[in-house]
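Quick note on labels: first sequence line is chain A, next is B, and so on, each numbered from 1.
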Protein chains: 2
Amino acid sequence: MRAISIGQLAKAAGVGVETVRFYERKGLLDAPPRKESGYRQYDADAVERLKFIRRAQLVGFTLKEIQDLLALRDDPDARRADVRERAAAKVADIDAKVRDLLAMRASLTTLLATCEGDGPASDCPIITAFRDEGRNEHTERSCEHGEGED
Amino acid sequence: MRAISIGQLAKAAGVGVETVRFYERKGLLDAPPRKESGYRQYDADAVERLKFIRRAQLVGFTLKEIQDLLALRDDPDARRADVRERAAAKVADIDAKVRDLLAMRASLTTLLATCEGDGPASDCPIITAFRDEGRNEHTERSCEHGEGED
DNA sequence: TTACACCCCGTACCTCGGTACGGAGTCAAG
DNA sequence: CTTGACTCCGTACCGAGGTACGGGGTGTAA
């Protein structure tokens, strides 16, 4: 099953055919080889790449940033200082995102735990693991409805 | 120093004045009280809310989703089943994002670790590290979000 | 060979999340 | 009082990230 069509690729990655062509135009996907007819021929690797793009989008990276990430991943000479620097910067970006997500998660699980009245569901290890490296204070609200901006 | 102007609010949260008004129109920020002159008067709480919106955006939530998150946070009766359900669903969303981010992070740090010195770039396992993270649908909503060995 | 789904390309169009006017009133300093 | 920064509101416009034609060619199974 080497060489799949654009339709099969799109389906495998859960996107539309038009989107695949759009990504190609934007440079996120390389132009694949073509059949005599002009039909694009993809391999399984393209599926992974496409899935990666979608996941990266879900966590807030722009297509431009995703291009950078893919470039890092594909760079044939990863020892170059600038590549390492960009990779390190991306790691920092990711850490910031994870911190923010975990802060949000903590708020929500606190909400759930408190309002379920059912015991400490907030002993989730990942929360405690990351919690105290967070620098930003966060408005943790409980069930008490002391709300209302006024 | 209660009651800050829209300009001070915007500056405090690192956004533009127009953006604040835009969020108000969209329902992400409540319409604040006004002075006689019609000038909006915000309090410190609004700063937090605005910062939260920005952080949520950075990790890929849409304004609509952020509205939901804020609604959960502000809900005066968090014991209602549907509220808890939506909160749990958001936690699941967050977990999925965190998983994806940690997978990306792992790939990048592997790149950094491996390619730091003087090994040939072709040995860099980042390419293989990316390639098969089994993409399961995210249906779980508990604290166990086994990152797995990836 | 005819039918029907799939692919080609280009262009137009759409939503989301803002940004930028522009003409008016407000407020604090000088 | 004047000046300049800030605010009001409405409307127009913008870039990102797609989505939808439309008119053609292709591939395959009955």
Quickly work out the E18(B) CD to dC9(D) C1' distance and round it to whole Å.
10 Å

d(CZ, R40(A); P, dT26(D)) in whole Å
15 Å

Who pairs with T109(B) by side chain to side chain donor-acceptor pair (under 3.5 Å), at least two apart in sequence or on another chain?
none

Residues in side chain to side chain donor-acceptor pair (under 3.5 Å) with R86(A), at least two apart?
none

Interface limits on DNA chain C, where chain A has a heavy atom under 4.0 Å of a nucleotide atom
dC6(C) to dG10(C)

Sub-3.5 Å donor-acceptor pair from the side chain of [X] to the main-chain atoms of [Y], do we have one?
X: K35(A); Y: Q41(A); answer: no
X: E65(B); Y: T62(B); answer: yes
X: D43(B); Y: A46(B); answer: yes
X: R73(B); Y: L111(A); answer: no

Over all heavy atoms of both residues, which pair between A87(A) and L72(A) is shortest? Give the atoms and the distance, please.
CA-CD1, 3.7 Å

Heavy atoms of L28(B) and Q67(B) approach each other most closely as CG-CG, 4.0 Å

Taking it one step at a time, do K97(A) and F61(A) satisfy side chain to side chain contact (heavy atoms under 4.5 Å, CB included)?
CA-CA 10 Å; K97(A) 284 177 191 293; F61(A) 288 106; 3.6 Å; yes

Counting only distance, no hydrogens or angles, is the base of dC8(D) paired donor-acceptor with the side chain of Y39(B) under 3.5 Å?
no

Tell me which residues in residues 56-70 of chain B lie within less than 4.0 Å of DNA chain D, going by non-hydrogen atoms.
none

Give, for atom CG of L69(A) and atom CG of D74(A), the distance between the pair rounded to the nearest 0.5 Å.
10.5 Å

More 5' along DNA chain C: S5(A) or E36(B), using each one's nearest nucleotide?
S5(A)

Please list, chain by chain and in numerical order, all residues satisfying side chain to side chain contact (heavy atoms under 4.5 Å, CB included) with D68(B), sequence neighbours excluded.
K64(B), K90(B)

With sequence neighbours left out, write down each residue that passes salt bridge (Lys or Arg N to Asp or Glu O under 4.0 Å) with K11(A), or none if nothing qualifies.
none

Would you give me the side-chain donor-acceptor pairs under 3.5 Å for residues 17-27 of chain A, sequence neighbours excluded?
unit_1: Y23(A); atom_1: OH; unit_2: R54(A); atom_2: NH2; d: 3.1
unit_1: Y23(A); atom_1: OH; unit_2: Q57(A); atom_2: OE1; d: 3.1
unit_1: E24(A); atom_1: OE1; unit_2: R40(A); atom_2: NE; d: 2.8

Go through residues 21-35 of chain A and report each residue with a non-hydrogen atom lying under 4.0 Å from DNA chain C, sorted by number.
R21(A), R34(A)

To the nearest 10°, give me the bend of the helix from dT1(C)-dA30(D) to dG30(C)-dC1(D), comparing the axes of its five terminal pairs at either end.
10°

Just to confirm, is there a sub-4.0 Å distance from OP1 or OP2 of dG17(D) to any side-chain nitrogen or oxygen of T19(A)?
no

